[in-house]
Structure formats: C-alpha cells, structure tokens
Asks: 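Okay, here's the structure, questions in a sec.
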Amino acid sequence: VTDWPCQVVRTPAGWRDSAVWIGADLLADPPPEVLHWLAGRRAFVVSSQPVRRLHGARMAALEAAAGSVEWLDVPDGEAAKDLATVGRLWNALLAAGGKRDSLVVAFGGGSVGDVTGFAAGAFLRGIEFLQVPTTLLAQVDASVGGKTGIDLPAGKNTVGLFHPPAHVLADTSLLTTLPRAELRSGLVEVVKMAAVLDGELLTRCERDLGSLLAGDVATLTPVVESAVAAKVRVVGEDPTETTGRRRVLNLGHTLGHAIETVLEYGHLRHGEAVAYGLLFAIRLAQRLRLIEDDVGERLRRLLGRFELPVLPVDRLPVAALLAAMARDKKASQRGLVWVLPRRVGEDRQEPVPAELVREELEPFLADPWADAA
Ligand SMILES: NC(=O)c1ccc[n+]([C@@H]2O[C@H](COP(=O)([O-])OP(=O)(O)OC[C@H]3O[C@@H](n4cnc5c(N)ncnc54)[C@H](O)[C@@H]3O)[C@@H](O)[C@H]2O)c1
Ligand SMILES: [Zn+2]
C-alpha cells in the first residue's frame, strides 16, 4: 500500500470536503480511504467510449472494491454536456435501482466530469461522486473545486451546481496517451495558476516545458501536484465564488471565453483560447502600468514556446468580441472586473472601462505578442 499525497479542499460547514489524491499508477493501488468509501456500495461509472477503450482496464481495483458496478456511456468530449445526456443518465440510474447511497464515478476529461457531477448533484437531490480525471486539464482544474454543469444551446456552462466530489483520483500515468494539443491546453491552465499563485511552479514549467508537452509522467506528476495545491488553496478560501478570491482563476478567461464564443467553439481548444486571453491580460496590465516589466516578457516567452495555433483574426471582429465579453457570465452590473497579472505570484483585479479594452483589442489582434504602446 502506497502513501499517496492527498490534498483536502475544505468546505464550509454543511458541505462535503473533497480529498484529491495524485500519483503515477494511483489507480493500480488506490488509497485505502477510497477503497473503504467504495466498499459494498452500488457504483455507476460514467465514461466515453474512447476513454474506456484506452484506460478502462485500469479501473479494476476500484471496481473490485465496490459492491457492484455498472458502466454508463456518454458521448465523447463537449457533446456529453447536454440536457439529453443528463436525462439519459438519470433514467439509467433509476432503472438500475440507483439509491441515495449509490455513488457515481466520472471517468474521463472535464466534459465527463462536469456532466457526471451535475447528474449526481441533482439525482435524488444529490448522491456522492468520485472524479477520476483522465486529461491534464481535468486533473489540474476541472475535477477540483466542485463546479459541475452542462451547456445550453445559447451558452456554455449555463446550468450547473456546486457539487464537490468526495474524492478525486488523479492518476498521472493516464496522461501518456493524451495528444500533445490536449497536454498543451491543460498546461495553459497550469501557467495561468503559476503566474499569479506560485512562482516556483512557473520556474518549473519554464525548465521542464519540453518534457511536459511530450507527456512525460515523471515531470507531469509534480506539476499536477503543485497546480492542484494552488487551486485547492484558492477554492478553500472561496468555495462558492462569493468573496471574489476564486476569481483569480479567471485570469485569461475574459477574452479567452469571448474568443471561444465568437469562434463557436471551433478552431481553438479552450486552453489555446485562454493562452491568447492571458496574452491580452498582460497587454492590459501593461497599459494600466500594473505589471512589473519583466513578468509580461517572461510569460510571453513561455507561451511562445507552446507553438499555439495562430489566432484566426479574420473571424474575430472587435465588436463581436466586445459584445461577447459584455454578456460574460461573470460580468456584474458595474461592468467587467479583469484579473490582471501584477508580479509573479500576485494578481490584481480591476474594473477596466470598455473603451480602453476596445483601444487595446485592435493592436492586440494585429500582433498578440507585442507590448502595449
Ligand atoms: N468544473 C470546472 O471547474 C471546470 C474547469 C475547467 C474546465 N471545465 C470543463 O472541462 C471541459 C474540458 O475538459 P477537457 O479539456 O478534459 O476535455 P474533454 O473532456 O472534452 O476531453 C477531450 C478529449 O480527450 C480525450 N481523452 C480523455 N482522456 C484521455 C486520455 N487519457 N488519453 C487520450 N485521450 C483522452 C477524450 O476522449 C476527448 O476526446 C469543458 O467542458 C470545460 O467547461 C470545467
Ligand atoms: Zn479554463
């Protein structure tokens, strides 16, 4: 039995804490606490075909611990996050005799995690669930912090619940089969957190970027641990996004989401759009004289090594981007508060007038890598 590192997301009284376990080959030798939690219970494993085909066999130790196991299929990728899928899951759970003490396991990327968590959170007013994230993005970001949800035709992540998983099992050896572009997308979220929360993690990303992008488990594991630690700290301070602290995780997402919306979720992966959002946040922070000179340069140099797909600027009119940002889920009555990088390990949250954003967007789209004037 291995002593796996565990980080606990503490939630206010009345909520459920989440234990996040991280390690290479963790699923082959799951923590006794998790086996005990599963023992004798009816478990439903929700996954998509490609993930199950690649890695389903690795779930054997968990399956053996549960009382009984049934696998439920959802569509692969973002397509899983719709109302029809949730309806099918609820009906399947009921038909198979799902009870209040049944539990659900999300086995897949962030899409499977989001839809499964939402289904679990509302089924019989909420049953427990376990996250087994299989992408880098899901291990460092989506599986931690209790946000679950689905998309409506009119907007991504527009319906959801805070429903923290009882446990998260992040087995980093699953990441060896991830395509480079998926690793890149997850690493952007790591850089986002490192930039404003953990200077040492930033240095590590700079040092190890080549091996990280190549899916090397030995270099990925400590990076997942540090990124999760950063997210756990922030989420613990603001579990339901009420104090504003959690907003720091939104760095790069204001423009990133707008780019995704205007491109109708084609062309760029989420992390790639966020990388451009981060570049724009650097630019705004420079314009407002908030960022230390070398920090912007350092982040740009790092993101430059990601070999991002080129921004399809002919499909990104400034007016459309501004309109999308004005409709941002996180916009308040007073307008948009931007998360901006200040110095390494520190952010600054600042309402920025739409006029100034417009002024910077034009030159940014012409050259996303340039300094603000
Ligand atoms: N709840 C949150 O806090 C939160 C945070 C960030 C993102 N998200 C959500 O996460 C979703 C994106 O998640 P994602 O980036 O993990 O993408 P994803 O879940 O859509 O998966 C992307 C692809 O990776 C494949 N895949 C999964 N694991 C694999 C593996 N080990 N090897 C090879 N291929 C594998 C899948 O089959 C899929 O085709 C979005 O819907 C986003 O909104 C949620
Ligand atoms: Zn993100």
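One-based numbering, in listed order, for ligands and for the atoms of each.
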Asks: Is ligand 1 less than 4.0 angstrom away from at least one heavy atom of H270?
Replies: no
Asks: Is the shortest distance from a heavy atom of E189 to ligand 1 less than 4.0 Å?
Replies: no
Asks: Considering only protein heavy atoms, which is closest to atom 44 (C) of ligand 1, and at what distance to one decimal place?
Replies: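 In this structure, atom 44 (C) of ligand 1 has D114 OD2, 3.2 Å as its nearest protein heavy atom.
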Asks: Could you find the nearest protein heavy atom to atom 30 (C) of ligand 1 and give me its residue, atom name and distance?
Replies: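 Its nearest protein heavy-atom neighbour is T177 OG1, 3.5 Å.
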Asks: Is the shortest distance from a Lys or Arg side-chain nitrogen in D114 or K81 to a carboxylate oxygen in the other one below 4.0 Å?
Replies: yes
Asks: Start with the C-alpha gap between F118 and H163, add the side-chain angles, then the distance that decides, and say whether ring pair (Phe, Tyr, Trp, His ring centres under 6.0 Å) holds.
Replies: CA-CA 7 Å; F118 180 64; H163 186 58; 9.7 Å; no
Asks: Does a side-chain N-to-carboxylate-O contact under 4.0 Å join K156 and D151?
Replies: no
Asks: Would one find an N, O or S atom of E189, in either backbone or side chain, under 2.8 Å from the Zn ion (ligand 2)?
Replies: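 Looking at E189, which is the residue asked about, there is an N, O or S atom under 2.8 Å from the Zn ion (ligand 2).
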Asks: If you count the non-hydrogen atoms of other residues, nucleotides and ligands that lie under 6.0 Å from CG in D293, is the total more than 12?
Replies: no
Asks: Under a 4.0 Å N-O cut-off, is there an ion pair linking D101 with R41?
Replies: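 R41 and D101: not salt-bridged.
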Asks: From the options D141, D171, T135, T134, select the one whose nearest heavy atom is closest to atom 24 (O) of ligand 1.
Replies: T135
Asks: Output yes when a protein non-hydrogen atom is found under 4.0 Å of atom 36 (C) of ligand 1, and no otherwise.
Replies: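 True for atom 36 (C) of ligand 1.
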Asks: Once you restrict to heavy atoms under 4.0 Å, what part of L175 touches ligand 1? Side chain, backbone, both or neither.
Replies: neither
Asks: Can you tell me which residue and heavy atom of the protein come closest to atom 14 (P) of ligand 1, and the distance to 0.1 Å?
Replies: G110 N, 3.5 Å
Asks: Give the numbers and elements of all ligand 1 atoms closer than 4.0 Å to a heavy atom of H55.
Replies: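 Those of ligand 1 that fall under 4.0 Å from H55 are 31 (N).
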Asks: Between E182 and ligand 1, does any nitrogen or oxygen pair lie at a separation below 3.5 Å?
Replies: no
Asks: Relative to the heavy atoms of G77, which atoms of ligand 1 are at a distance of less than 4.0 Å?
Replies: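 Under 4.0 Å from G77, ligand 1 has these atoms: 20 (O).
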Asks: Would one find an N or O of L174, backbone or side chain, under 3.5 Å from an N or O of ligand 1?
Replies: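 Among all N and O atoms of L174, at least one is under 3.5 Å from an N or O of ligand 1.
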Asks: Against heavy atoms of E78, which atoms of ligand 1 measure under 4.0 Å?
Replies: 20 (O), 40 (C), 41 (O)
Asks: Would you mind listing which atoms of ligand 1 come within a distance below 4.0 Å of any non-hydrogen atom of V51?
Replies: 27 (C), 28 (N), 37 (O)
Asks: Is the F280-W338 ring centre distance short of 6.0 angstrom?
Replies: yes
Asks: Passes salt bridge (Lys or Arg N to Asp or Glu O under 4.0 Å), R269 versus E182? Steps please.
Replies: CA-CA 8 Å; R269 287 184 162 72; E182 296 291 343; 2.9 Å; yes
Asks: As an exercise, identify every atom of ligand 1 less than 4.0 angstrom from a heavy atom of D76.
Replies: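 Here the atoms of ligand 1 in question are 36 (C), 37 (O), 38 (C), 39 (O).
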Asks: Which of the atoms of ligand 1 are close to K156, meaning less than 4.0 Å from one of its heavy atoms?
Replies: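 In order of numbering, the contacting atoms are 40 (C), 41 (O), 42 (C), 43 (O).
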Asks: Give the atom numbers and elements of ligand 1 that come within less than 4.0 Å of a heavy atom of G109.
Replies: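 Checking each atom against G109, I get 16 (O), 19 (O).
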Asks: Is the shortest N/O to N/O distance between V144 and ligand 1 below 3.5 Å?
Replies: no
